[in-house]
Amino acid sequence: MLDQLNRTYAKLHSAYEKAFWTSYMGDHSVDAKLQKAHAARDAFRSDPKLAHAVDLRLAKAKGKEREGLLVWKHFFSLYQTPAHLGALRKDIADLEARTLKEQTSRKEGYIDPAAKKFVEASRNKMRSMVSTHPEEKVRKACFEALEKLPFDTLELYVEIVNKRNQFAKALGYEDFYAYKLEIDEKMTKKELFSIFDAIYEKTKYAFGEIRDLEKTMPGLRKPWNFSYMMTGDFTKEEDPYFSFDKALMYWGRSFSALGVDFADGTITLDLLDRKGKYSNGFCHWPEVVKYEKGERMPGTSNFTCNAILGQIGSGIDGLHTLFHEGGHAAHLLNSTERQTCLNTEYPPQSVSWAETQSMFMDTIASSIEWKMRYARDERGKPYPFDLFERKARKVHPLRPLGLMSMMFVSEFEKEIYESPRLTKDLALETARKMYRKYFGYFDASYDSLSALNVPHIYSWESSAYYHGYALAELGVFQWRRYFFEKYGHIVDNKNVGKEMKKVWRFGSRYPSKDFIVMATGKPLSPDAFLEEATQTIEQVIRSAKAKVARMGSVPMKKGKIDLGAKISLVHGKEKIADNSRGFEAMDEKYRKWLATVK
């Protein structure tokens, strides 16, 4: 029975994921196939006959057989759906497919304020321009264009939300948010938002400090000015150290020095933004780790980011996404669990535990000790501490607000699903209300609909999900504190990679709250986050200097890079390079290709 369950689920998962990747990379010719594979996978997960068969077998099972069957019993319990809801679930999936197609095929861009002509630009590019373009009128034009995008699919979104709520209530839940939170995190809304409310109350003091800054920085609180005026100059100044053509080597050498590998898996990376491609980085596993005749079969992972060549700030964004999604890939490719349902990105996988892995890797590339060790400009000059210090001093008022954007999306979705009957007007008002609450330092004249531009809210799998990022952030701070206290440093520390791999081998066997205790020895707490978020600027500088000094005694890893994986770099359907002749040869070939991209 276990062999049959594992083979069947692995096959159904693979069929869905392969079509998913093709569609999300911009080829919608597979959408009908995707929906069929989606329905087949969901039918297996919610099949009451399979759940009953597992229960019957459990009555006689012992030892490892019983252990495996208990995993499947829990798995099926997460997905049991009455037969009469099958049609509703299909309706929701169809609406989501229509939404995705509309969003990835529409013509995106802004009206040039000088020429008064439409300029085609992707959502990602316009978001970047709002933060980095030197002309305020252009930044404002991009902001205003982004504000119009939610209207394209607003009616579809409202219908999706109402149908999702109908589905969740039929299963006995208060609403869809309560349903997803219980499935993903084993938490109630009261438990989750009591944590978020406490963090909000302890950090919102920063709103007043930012409002005071406008006295010396006129126009700061206009939403299209804020990022540019706070960090735009620094983004330009940092940009030479993070040219995207260096990102692949930065990633490979850093992961290798950390002792992180991909357990003989196969990885496909699609790293550049393009029209039709899904506008957010993600990592999925088309072939999960599985066992055949007792032998472990490595998995495969596809991950993507949306780097925009030549766009200021895009290099560092792409680098962070590469580290982030690479963390996801390493997590599940290192699993040694025999039951395939423990080796996917879906429940019983906890959102917050999965994101803890990726966000932990992301923080490595954003740390001052990593930047000064790895980041170089075209002349080979290392990232200067002076740049870090000047930036840290200027943006210090933002430091306490590190979780606001995550809590913002979370509470927006909570309120959306708590609406007895969502309408277009209510969706718009909720987006504006949450924006006022969590971005209270902006000029109140410019309420934004940015919550409706978050890609996650339109997909079943990633909606009512964003709280996972915030919980993961707390976990990352707690894990980093643990490693610093134990080893003194994280960057290029093989002990860190070794300890992470010890918990990765369990896939999604345990809830997030158990995993964080296994990793750090303590229950999840916001203490480590709040301690760092509320540091004085002098404490921040002292801590950074100490971390940089500590790296002076850590040798730089040299030699060839081997991440324990077959790696291919693609651009849509075009294969660019692979590591069959080594990571370095792959990197060189990819750099040459990037130089030809316009």
Side-chain angles (χ1 to χ4, degrees), residues 128 130-134 136 139 199 202-242 312-313 315-317 319-320 359 362-377 381-406 438-443 473 476-477 480-481 484 489-491 528-552:
S128 180
V130 170
S131 298
T132 62
H133 201 282
E136 180 180 353
R139 296 196 301 271
I199 294 171
K202 290 180 180 179
T203 56
K204 68 177 182 179
Y205 69 85
F207 290 174
E209 295 183 3
I210 293 170
R211 285 193 287 266
D212 288 343
L213 285 176
E214 192 170 39
K215 296 172 184 176
T216 56
M217 301 172 70
L220 173 69
R221 294 171 58 226
K222 293 178 181 178
W224 56 83
N225 281 346
F226 187 76
S227 291
Y228 178 78
M229 293 180 72
M230 289 298 290
T231 64
D233 289 342
F234 293 116
T235 302
K236 291 178 189 174
E237 200 172 344
E238 286 185 316
D239 197 63
Y241 300 96
F242 299 100
I312 292 175
I316 195 166
D317 286 346
L319 174 71
H320 285 168
M359 291 166 67
D362 201 355
T363 61
I364 290 176
S366 62
S367 68
I368 180 57
E369 60 269 34
W370 183 91
K371 289 178 180 178
M372 290 189 66
R373 168 163 282 213
Y374 282 95
R376 297 285 188 275
D377 65 13
K381 181 182 177 183
Y383 185 96
F385 189 86
D386 170 69
L387 174 53
F388 163 81
E389 183 171 352
R390 286 186 287 111
K391 182 178 179 181
R393 291 187 181 279
K394 183 171 182 181
V395 304
H396 187 256
L398 303 179
R399 193 174 179 87
L401 306 180
L403 284 186
M404 287 295 180
S405 62
M406 300 174 195
Y438 286 97
F439 298 92
Y441 46 88
F442 282 150
D443 189 322
E473 187 84 340
V476 167
F477 274 85
R480 284 175 63 82
R481 175 196 272 180
F484 277 124
H489 73 107
I490 292 176
V491 173
F529 166 76
L530 288 170
E531 180 183 321
E532 287 210 28
T534 56
Q535 283 182 332
T536 67
I537 184 58
E538 298 308 326
Q539 288 175 316
V540 171
I541 301 302
R542 280 199 304 271
S543 175
K545 287 181 177 178
K547 289 173 181 175
V548 171
R550 176 68 177 83
M551 293 305 296

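Scope of the values below: all heavy atoms of this structure, side chains included, with no hydrogens, waters or symmetry mates.
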Pairs meeting criterion side-chain hydrogen bond (donor to acceptor under 3.5 Å, both in side chains) with involvement of residues 382-396, two or more places apart:
Glu237-Arg390, Glu238-Tyr383, Glu238-Lys391, Asp386-Arg390, Glu389-Arg393, Arg393-Glu538

Start with the C-alpha gap between Glu531 and Arg481, add the side-chain angles, then the distance that decides, and say whether side-chain contact (heavy atoms from CB on, under 4.5 Å) holds.
CA-CA 10 Å; Glu531 180 183 321; Arg481 175 196 272 180; 2.5 Å; yes

Going from OH on Tyr241 to NZ on Lys381, what distance comes out if it is rounded to the nearest 0.5 angstrom?
4.5 Å

Check: Arg399 side chain, Glu532 main-chain N or O, donor-acceptor pair, under 3.5 Å:
yes

If you round to the nearest 0.5 Å, how far is CZ of Phe388 from CZ of Phe234?
11.5 Å

Compare every heavy atom of Ile316 with every heavy atom of Gly313, then report the nearest pair and how far apart it is.
O-CG2, 3.3 Å

Contact summary for Ala392 and Ile537, nearest pair of heavy atoms
O-CD1, 3.5 Å

If I take atom CH2 from residue Trp370 and atom CD1 from residue Ile490, how far apart are they, to the nearest 0.5 angstrom?
15.0 Å

Looking at Phe226 versus Phe439, is the centre-to-centre ring distance below 6.0 Å?
no

Value for CE (Met359) from CD1 (Ile364), rounded to nearest 0.5 Å, stands at 13.5 Å

With the side chain counted from C-beta on, respond yes when Tyr374 and Val491 share a heavy-atom pair under 4.5 Å apart, and no when they do not.
yes

Expected output: side-chain Asn225 to main-chain Leu220 donor-acceptor under 3.5 Å:
no

For the backbone of Ser131 and the side chain of Arg139, can you confirm whether one donor and one acceptor N or O come within less than 3.5 Å of each other?
no

Which atom pairs, one a donor and one an acceptor, fall under 3.5 Å between side chains of residues 539-546 and the rest of the protein, sequence neighbours left out?
| from | atom 1 | to | atom 2 | distance (Å) |
| --- | --- | --- | --- | --- |
| Gln539 | OE1 | Thr536 | N | 2.8 |
| Gln539 | OE1 | Thr536 | OG1 | 3.4 |

Does any part of the side chain of Phe207, heavy atoms only, come nearer than 4.5 Å to the side chain of Leu401, both counted from C-beta?
yes

Check side chain to side chain donor-acceptor pair (under 3.5 Å) between Lys202 and all other residues, then give those that pass, not counting sequence neighbours.
none

What distance separates Leu530 CG from Leu403 CG, expressed to the nearest 0.5 Å?
8.0 Å

Correct closest heavy-atom pair for Arg480 and Ser367 would be NH2-CB, 4.4 Å

Residues at least two apart in sequence or cross-chain that pass side chain to side chain donor-acceptor pair (under 3.5 Å) with Tyr228, listed by chain then number, are Lys236

Side chains of Phe484 and Lys547, heavy atoms from C-beta outward: is any pair under 4.5 Å?
yes

If I take atom OH from residue Tyr438 and atom NZ from residue Lys204, how far apart are they, to the nearest 0.5 angstrom?
10.5 Å

By side chain to side chain donor-acceptor pair (under 3.5 Å) - contacts of Glu369 (at least two apart):
none

Under 3.5 Å: donor-acceptor pair, side chain of Arg221, backbone of Ile210
no

What's the shortest heavy-atom distance between Pro382 and Arg376, and which atoms?
CB-NH1, 3.2 Å

Met217 vs Met230, test: side-chain contact (heavy atoms from CB on, under 4.5 Å). Steps then yes/no.
CA-CA 9 Å; Met217 301 172 70; Met230 289 298 290; 4.3 Å; yes

Can you name the residues that form a side chain to side chain contact (heavy atoms under 4.5 Å, CB included) with Tyr205, not counting sequence neighbours?
Glu209, Pro400, Thr534

